[in-house]
Novice: 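First the structure, then my questions, so here it is.
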Amino acid sequence: MTPTSSHPHRVVIVGAGFGGLETTHRLKGAPVQITLIDRRNHHLFQPLLYQVATASLATSDIAWPIRYLMHDRREVTTLFATVSGVDATSRRVLLEDGATVPYDTLVLATGARHAYFGHDEWETWAPGLKTLEDATTIRRRILVAFERAEREPDPERRAARLTFVIIGAGPTGVELAGTIAELAQHTLPGDFRNIDTRKARVVLIEAGPRVLAGFADDLSAYAQASLERIGVEVVLGQAVTECTREGVVYGGKQLNAKTIIWAAGVRASPAAEWLGAPADRAGRVEVAPDLTIPGHPDIFAVGDTVTINAWDGKPVPGIAPAAKQEGGYVAELIKARLAGRQLPPFRYQHAGSLAQIGKRLAVIDFGRIKLRGTIAWWIWGIAHIYFLIGLRHRLAVALSWLWIYVRDQRSARLITQGSSKVT
């Protein structure tokens, strides 16, 4: 793995999420030529995506053009393209338009998509939350629901308009449910004349026995109690068996609801299929201890694309800090190989789990230290602001949150992507 006389070592990174971007940043100064490929032109801060979906933040607050982030990195070429496969024999990345990109080392940081457990048709009625497009679609559905209810004379149809179902009670589901409830309870009541938005139902449905299954039992119980105090109906131990235009079925019961949001599961990108590599049930590549694809020492995979038991023998969680650690490790290993050295296997260092419940409530699990309530909310907010890119974005988000905290107002209540046509 040494540069040749004809060209510097070519590193191709597919995906500009947390893992791909961290690899790119940490390779700065290395004797490599980098090609960064993404099917979108922006890097997205996914942990705050639900705040765009619930009108707390604007899209520009949590996304940055990739070319802007790389404009001073002359060794980085950014390609706005969709990858369709990998030819590992000839060491080429295949693009959807028929073009190819050669590599000496390949890093797959292709992320994940929604998983509907064999019911992909549900996506029409229950969109997930992975992209800015998803967030603005969900924001539109939430805000349109109140607008339609304002004009709906039939009580049953109005109730369905004002019923919001979130499927899946992980961090995303809990954060969505809590924020929608506060939107209905505190932000919108004074804006409407024919409806009382405080009568909206927010129903959080989880097939498992508790919310926030990845957190300690006491924090999970606190989160559930807090959600219920702000008006969220929490349904546990019941799997959704049907999603339609009219609502959902769970536990054999029909619940009429016009707004359904999917937060129950994800499936990795098709990276494993591209290489015929071993994968788990969610399609995540089972990588070697150094994050390479088995049988392909020149191909790495990081983030939601992979599964690896590198957290004290447990699987590394699919969260942003894990992707950043993996991306950083891969960059250091590439530099070490170019210098004729090796590194020990990747080991994940868990910094803690965080989840917001409401505008003044959160839970944090640092292992031995567990925090809840307002102090956890402040730490949650500071941590997220710290990881945003650029002073302008940090100030914009901080001011938006302060305004919500003080006035219960969310300024990003814009209905886009459509007209007022009734559906």
Side-chain angles (χ1 to χ4, degrees), residues 1-44 63-112 131 268-275 277 285 287 290-293 295-306 323-339 389:
M1 189 174 180
T2 57
T4 69
S5 57
S6 60
H7 60 74
H9 191 87
R10 299 167 298 185
V11 177
V12 174
I13 300 171
V14 181
F18 288 105
L21 211 58
E22 186 70 11
T23 305
T24 306
H25 285 319
R26 296 283 286 273
L27 282 173
K28 187 174 184 179
V32 297
Q33 188 71 39
I34 300 171
T35 302
L36 180 59
I37 307 173
D38 201 290
R39 61 180 178 175
R40 292 181 171 83
N41 82 325
H42 55 268
H43 167 70
L44 176 64
W64 303 263
I66 299 168
R67 292 190 183 279
Y68 166 74
L69 297 176
M70 296 295 125
H71 76 278
D72 63 345
R73 296 284 301 277
R74 304 307 298 176
E75 82 281 17
V76 178
T77 298
T78 300
L79 298 184
F80 178 49
T82 298
V83 172
S84 60
V86 175
D87 183 345
T89 302
S90 62
R91 291 187 174 183
R92 289 181 177 273
V93 174
L94 311 179
L95 303 184
E96 195 174 59
D97 60 7
T100 63
V101 181
Y103 67 84
D104 297 308
T105 295
L106 174 62
V107 182
L108 298 174
T110 45
T131 67
S269 70
E273 300 171 19
W274 294 342
L275 295 162
V285 182
V287 291
D290 62 355
L291 298 179
T292 57
I293 305 293
H296 300 283
D298 54 342
I299 303 178
F300 295 90
V302 301
D304 289 340
T305 308
V306 311
K324 288 173 71 72
Q325 287 185 36
E326 290 168 351
Y329 172 86
V330 166
E332 294 304 317
L333 183 52
I334 291 172
K335 290 190 288 187
R337 286 184 176 181
L338 289 171
I389 299 174

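These values consider heavy atoms only, across backbone and side chains, with no hydrogens, waters or symmetry-generated copies. Source: prediction; values computed, not measured.
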Novice: Donor-acceptor pair, Thr24 side chain versus Gly20 backbone, under 3.5 Å?
Specialist: yes
Novice: Evaluate Leu108 against Val306 for side chain to side chain contact (heavy atoms under 4.5 Å, CB included), listing each step before the verdict.
Specialist: CA-CA 9 Å; Leu108 298 174; Val306 311; over 6 Å; no
Novice: Determine, step by step, whether Val14 and Val83 satisfy the side chain to side chain contact (heavy atoms under 4.5 Å, CB included) criterion, reporting the C-alpha distance in whole Å, the side-chain angles of both residues, the deciding distance to 0.1 Å, and the verdict.
Specialist: CA-CA 8 Å; Val14 181; Val83 172; 3.6 Å; yes
Novice: Within a reach of under 6.0 Å around CZ of Arg39, are more than 12 heavy atoms found that belong to other residues, nucleotides or ligands?
Specialist: no
Novice: Which pairs, with at least one residue in residues 13-41 and sequence neighbours excluded, count as a ring-ring contact (aromatic ring centres under 6.0 Å, His included)?
Specialist: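 Those involving residues 13-41 are Phe18-His43, Phe18-Phe45.
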Novice: If I compare all heavy atoms of Asp38 with all of Ala16, which pair ends up nearest, and what's the gap?
Specialist: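 Distance-wise, the nearest heavy atoms are OD2-N, 2.7 Å.
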Novice: My understanding is that only one of Leu94, Leu106, Val12, Ile293 makes a side chain to side chain contact (heavy atoms under 4.5 Å, CB included) with Val86; could you say which?
Specialist: Leu106
Novice: Is Arg92 paired with Asp87 through a side-chain N to carboxylate O contact shorter than 4.0 Å?
Specialist: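 Between Arg92 and Asp87 there is no salt bridge, as every charged N stays at least 4.0 Å from the carboxylate O atoms.
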Novice: Below 4.5 Å, heavy atoms only, C-beta onward: do Thr105 and Arg10 meet side chain to side chain?
Specialist: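 SC-SC contact between Thr105 and Arg10 ruled out.
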Novice: Within this structure, what is the CH2-CD1 distance for the pair Trp64 and Ile389, rounded to the nearest 0.5 Å?
Specialist: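 The distance works out to 5.0 Å.
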Novice: Determine yes or no for a side-chain-to-main-chain donor-acceptor pair under 3.5 angstrom, with Asp304 supplying the side chain and Gly111 the backbone.
Specialist: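 No.
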Novice: Could you point out which residue of Leu27, Thr78, Val107, Thr23 forms a side chain to side chain contact (heavy atoms under 4.5 Å, CB included) with Ile34?
Specialist: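 Of the listed options, the one satisfying the test is Leu27.
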Novice: For residues Ile37 and Ala81, report the shortest heavy-atom separation together with the two atoms involved.
Specialist: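 The answer is CG2-O, 3.7 Å.
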Novice: With sequence neighbours left out, what residues match Arg67 under side chain to side chain donor-acceptor pair (under 3.5 Å)?
Specialist: none
Novice: I need the minimum non-hydrogen distance between Glu22 and Gly327, along with the two atoms involved.
Specialist: CG-C, 4.2 Å
Novice: Charged N to carboxylate O below 4.0 Å: is that the case for Arg337 and Asp290?
Specialist: yes
Novice: Could you go through Val93 and Tyr103, starting from their C-alpha distance and side-chain angles, then the distance that decides it, and tell me whether this counts as side chain to side chain contact (heavy atoms under 4.5 Å, CB included)?
Specialist: CA-CA 7 Å; Val93 174; Tyr103 67 84; 4.0 Å; yes
Novice: Over all heavy atoms of both residues, which pair between Pro297 and Thr292 is shortest? Give the atoms and the distance, please.
Specialist: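 It is O-CG2, 3.6 Å.
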Novice: Looking only at side-chain N and O atoms, does Thr35 offer a donor or acceptor that is under 3.5 Å from a partner on Thr77?
Specialist: no
Novice: Quick one: pull up OG1 in Thr131 and CG in Leu44 and give me the separation to the nearest 0.5 Å.
Specialist: 8.0 Å
Novice: Does a side-chain heavy-atom distance below 4.5 Å link Tyr329 with Glu332?
Specialist: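 Heavy-atom side-chain distance check fails, nothing below 4.5 Å.
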Novice: Within this structure, what is the CG-CG distance for the pair Leu36 and Leu21, rounded to the nearest 0.5 Å?
Specialist: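 Those atoms lie 7.0 Å apart.
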Novice: Can you sort out the partners of Phe80 under ring-ring contact (aromatic ring centres under 6.0 Å, His included), two or more places apart, ordered by chain and number?
Specialist: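 Listed in chain order: nothing, the list is empty.
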Novice: Could you give the distance from CG (Leu291) to CD1 (Ile299), rounded to the nearest 0.5 Å?
Specialist: 13.5 Å
Novice: Provide the closest heavy-atom pair for Gly19 versus Ala109 in the form atom of the first, atom of the second, distance.
Specialist: C-CB, 4.3 Å
Novice: Can you check whether Arg26's main-chain N or O pairs, donor with acceptor, with Lys335's side chain at less than 3.5 Å?
Specialist: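 The answer is yes, because a donor-acceptor pair under 3.5 Å joins these two groups.
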Novice: Verify, without hydrogens or angle tests, whether Glu326 (side chain) and Gly303 (backbone) share a donor-acceptor contact under 3.5 angstrom.
Specialist: yes
Novice: Apply side chain to side chain contact (heavy atoms under 4.5 Å, CB included) to Arg91 and Asp298, showing your working.
Specialist: CA-CA 9 Å; Arg91 291 187 174 183; Asp298 54 342; 2.9 Å; yes
Novice: Closer than 3.5 angstrom, by distance alone: can the side chain of Gln33 be matched with the main-chain N or O of Glu75 as a donor-acceptor pair?
Specialist: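 Side chain of Gln33 to backbone of Glu75, a donor-acceptor pair under 3.5 Å: yes, one is there.
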Novice: Does some side-chain heavy atom of Thr100 sit less than 4.5 Å from a side-chain heavy atom of Leu95?
Specialist: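 Result no, sub-4.5 Å side-chain heavy-atom pair not found.
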